[in-house]
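Below you'll find the structure, written out as structure tokens, and then a few comments.
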Amino acid sequence: MDFRSDTVTQPTDAMRHAMANAPVGDDVYGDDPSVNELEQWAAQRHGFEAALFTSSGTQANLLALMSHCERGDEYLCGQQAHNYKYEAGGAAVLGSIQPQPIDNEPDGSLDFTKLAAAIKPDDFHFARTKLLSLENTINGKVLPLSYLAQAREFADQHQLQLHLDGARVYNAAVALEVDITEISQHFDSMTICLSKGLAAPIGSLLLGSKALIAKARRIRKMLGGGMRQAGILAAAGKLALTEQTLRLSDDHANAKALAIGLQQLAGFSVNPDFVHTNIVFAKVDPSIDIEAVCQQLATQGILVSPSNPIRFVTHKDVDSQDIAVLLEKLAECLN
Ligand SMILES: *Cc1c(COP(=O)(O)O)cnc(C)c1O
């Protein structure tokens, strides 16, 4: 049982079958029918003109930032944003794009007053503020639809482009019980990870206008991300978006059950208000040796990342029975 991340999910039998039988060609020549089909279908499904299949979410985010921004431009994002904090500074290193992070509010949102104050005047002393980048879900929390509408208004008012890091955007749609387009409609570009809770082995999508995706395709080649018979991966990616989205509600129910169980454990505290989807953060009392607990769990085949707070992630390869076992073994360790 692996609670470290939803990236550990194994491809389904249907995915392996589709991968084995996918028609393929050289995608750098535009010849891979499975990639072309996925890109065209995904663009239409999410309400964008075009889409690009990428090797990872990190690459898709970097392509979005480098396609919206030129050298010396700036993007606004959260201090906790994946595309600021966890992508090795790629936008700055490879794009010469300056990040302007803003503290995330406790619910994961960015305050519009703080954002407005961070926008630079048109003056050669400053970087040019081009883009606002949001993330949904962010640390498992769902941004409300009303907030997304406000963000669109804010971006228009300040002539900014609006990007969504939607690595787990399907978790947000499922939690809100809305069609994905209720979220995607507000954005100029959006990324989706196919290889997290949606269980594809590899791959992400970048969605946007035809012009943006054409620019991103050129940069993807520059970054070494042009793939050849990538239809083998795209075939699994299509199933991620057609067969794996609705079942995310099981992961959310399991995360809720885990949060409730963890609250009963001495030395563990969880804020259940922030368990919207498949990620549970538990603060652990300093008297507990987290490394030792995680090591002991590992000897029993249960993988948990030792950190404080501990982050538990639910996904298709752990079921409600596994949650019960995890809680039982944790209680044993603590005794
Ligand atoms: C995982 C993740 C990414 C990056 O995806 P990789 O495929 O791991 O590169 C980007 N943004 C968010 C919010 C993520 O959780």
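Every number for a ligand or one of its atoms is a count from 1 in the order of the listing. Side-chain atoms are counted along with the backbone in the values below, which use heavy atoms only and exclude waters and symmetry mates.
- Among Lys256, Lys196, Arg168, the one residue that satisfies the side-chain contact (heavy atoms from CB on, under 4.5 Å) test with Asn278 is Arg168.
- Listed by atom number, the atoms of ligand 1 under 4.0 Å from Ser56 heavy atoms are 7 (O), 9 (O).
- With respect to atom 7 (O) of ligand 1, the closest heavy atom belonging to the protein is Gly57 N, 2.8 Å.
- From the protein, the heavy atom lying nearest to atom 13 (C) of ligand 1 is Glu135 OE2, 3.2 Å.
- Salt-bridge annotation for Glu70 and Lys215: present, with a side-chain N of the basic residue lying under 4.0 Å from a carboxylate O of the acidic one.
- Heavy-atom contacts of Ala167 reach the following atoms of ligand 1: 2 (C), 11 (N), 12 (C), 13 (C), 14 (C), 15 (O) (cutoff under 4.0 Å).
- Ion pairing between Glu105 and Lys114 holds under the 4.0 Å rule for side-chain N and carboxylate O.
- Residues Phe312 and Phe274 are members of separate hydrophobic clusters, defined by side-chain heavy-atom contacts under 4.5 angstrom among Ile, Leu, Val, Met, Phe, Trp and Tyr.
- Short contacts between ligand 1 and Arg168, defined as distances under 4.0 Å to a heavy atom of the residue, involve ligand atoms 15 (O).
- For ligand 1 and Asn61, the ligand atoms under 4.0 Å from any heavy atom of the residue are 10 (C), 11 (N).
- Checked by atom type, the side-chain pair Asn61/Glu87 shows a donor-acceptor distance below 3.5 Å.
- Met66 shares a hydrophobic cluster with Leu52, Leu62, Leu63, Leu65, Tyr75, Tyr84, Val93, Leu94, Ile97, Leu131, Leu206, Ile213, Ile219, Leu223; the chain of contacts runs through ILVMFWY side chains whose heavy atoms sit under 4.5 Å apart.
- No heavy atom of Gln59 sits closer than 4.0 Å to any atom of ligand 1.
- Considering both main-chain and side-chain atoms, Asp165 comes within under 3.5 Å of ligand 1 through a nitrogen or oxygen pair.
- Residue, atom and distance of the protein heavy atom nearest to atom 9 (O) of ligand 1 are Thr58 OG1, 2.6 Å.
- For an aromatic pair to be called close, the ring centres must be under 6.0 Å apart, and Phe154 with Tyr147 fails this.
- Nearest to atom 2 (C) of ligand 1 among the protein's heavy atoms is Lys196 NZ, 2.1 Å.
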